[in-house]
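Inspection log for the structure reproduced underneath, given as structure tokens.
Protein chains get the first letters and strands the later ones, always in sequence-line order, with residue 1 at the start of each.
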Amino acid sequence: MQYWILKTEPDVFSFEDLINKKTACWDGVRNYQARKNLRLMELGDIAIIYHSNIGKEAVGIAKVVKKAYQDPTTKQDWSAVDVVPIEKLKKPVSLEQMKKDKILKNISLVRQSRLSVSPISKNDFERIKTLSKI
DNA sequence: GCCAACGTTGGC
DNA sequence: GCCAACGTTGGC
């Protein structure tokens, strides 16, 4: 059981879009490190959805419902997974909050902002959940 | 819109 | 295989 952060630009695909679609194919990843992470995802793994550029905040939680398969948007060797929304965070957790937070300031989202799929610890996940309820 | 950080590409 | 040039991402 692993936790992840999935980053998306909300004007391209937002958490609201995910809620509306119910199931989304998480495709378009074109980064080897991110691909590696995608392929490590297991059924039932949990992902924080983070909005980059616009908002710059964690907005919701999703679950992996289909393991990595061929990205349908390309013939090249890239992977996609399917996710469903679990819950919308009551209060989004901003990047600024995470940077200031003792626990979260070292997560890869903060340290390596370009990586679109990255693992986080259960502890980090719980911390984000806690912050979203304050 | 700018720039820093990072990844990728291509010439040697 | 190295490294400079270039492209992309994302925060500010």
Side-chain angles (χ1 to χ4, degrees):
Chain A
M1 176 66 181
Q2 178 62 51
Y3 296 89
W4 307 91
I5 288 187
L6 288 175
K7 208 162 37 172
T8 181
E9 296 178 50
D11 52 346
V12 178
F13 190 85
S14 69
F15 189 70
E16 280 69 31
D17 294 332
L18 176 60
I19 288 173
N20 292 334
K21 274 191 81 176
K22 306 236 176 9
T23 304
C25 169
W26 207 268
D27 57 24
V29 170
R30 296 292 183 271
N31 171 286
Y32 293 114
Q33 189 67 40
R35 183 180 75 179
K36 197 185 107 196
N37 288 334
L38 273 182
R39 290 175 177 175
L40 288 171
M41 287 185 179
E42 296 290 343
L43 288 182
D45 277 3
I46 299 295
I48 298 270
I49 307 295
Y50 172 81
H51 281 175
S52 66
N53 279 318
I54 302 166
K56 280 166 282 178
E57 55 197 13
V59 288
I61 298 171
K63 185 170 75 169
V64 177
V65 292
K66 189 172 178 185
K67 282 193 66 168
Y69 57 97
Q70 174 62 38
D71 185 333
T73 65
T74 180
K75 287 274 190 294
Q76 289 176 296
D77 183 28
W78 295 105
S79 292
V81 297
D82 284 359
V83 295
V84 293
I86 298 290
E87 63 172 298
K88 185 178 173 167
L89 298 180
K90 279 204 178 62
K91 279 186 58 181
V93 181
S94 69
L95 181 64
E96 200 183 357
Q97 263 179 292
M98 295 189 232
K99 277 183 173 170
K100 277 192 222 152
D101 191 83
K102 283 194 182 65
I103 296 167
L104 295 173
K105 69 176 180 188
N106 287 322
I107 61 174
S108 56
L109 177 73
V110 174
R111 294 212 330 274
Q112 202 187 340
S113 61
R114 296 191 50 180
L115 188 56
S116 57
V117 182
S118 53
I120 55 168
S121 69
K122 185 175 196 321
N123 204 31
D124 296 333
F125 171 78
E126 296 295 345
R127 182 62 182 157
I128 290 172
K129 271 193 94 167
T130 301
L131 289 178
S132 75
K133 286 170 182 160
I134 295 168

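In the model, Thr73(A) has a side-chain atom that pairs as donor or acceptor with a side-chain atom of Asp71(A) under 3.5 Å.
Electrostatic pairing of Asp27(A) and Lys66(A) does not count as a salt bridge here, judged by no charged N lying under 4.0 Å from a carboxylate O. Comment: Glu16(A) engages Lys88(A) in a salt bridge, judged by a side-chain N to carboxylate O separation of less than 4.0 angstrom.
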Can you build the contact string for nucleotides 5-12 of chain C? Use B for base contact, S for sugar-phosphate-only contact, and - for no protein heavy atom under 4.0 Å. --BBBBBS
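Both Ile46(A) and Leu104(A) are part of a single hydrophobic cluster, where members link through side-chain heavy atoms under 4.5 Å apart.
In summary, the aromatic rings of Trp78(A) and Tyr32(A) are positioned with their centroids under 6.0 Å apart.
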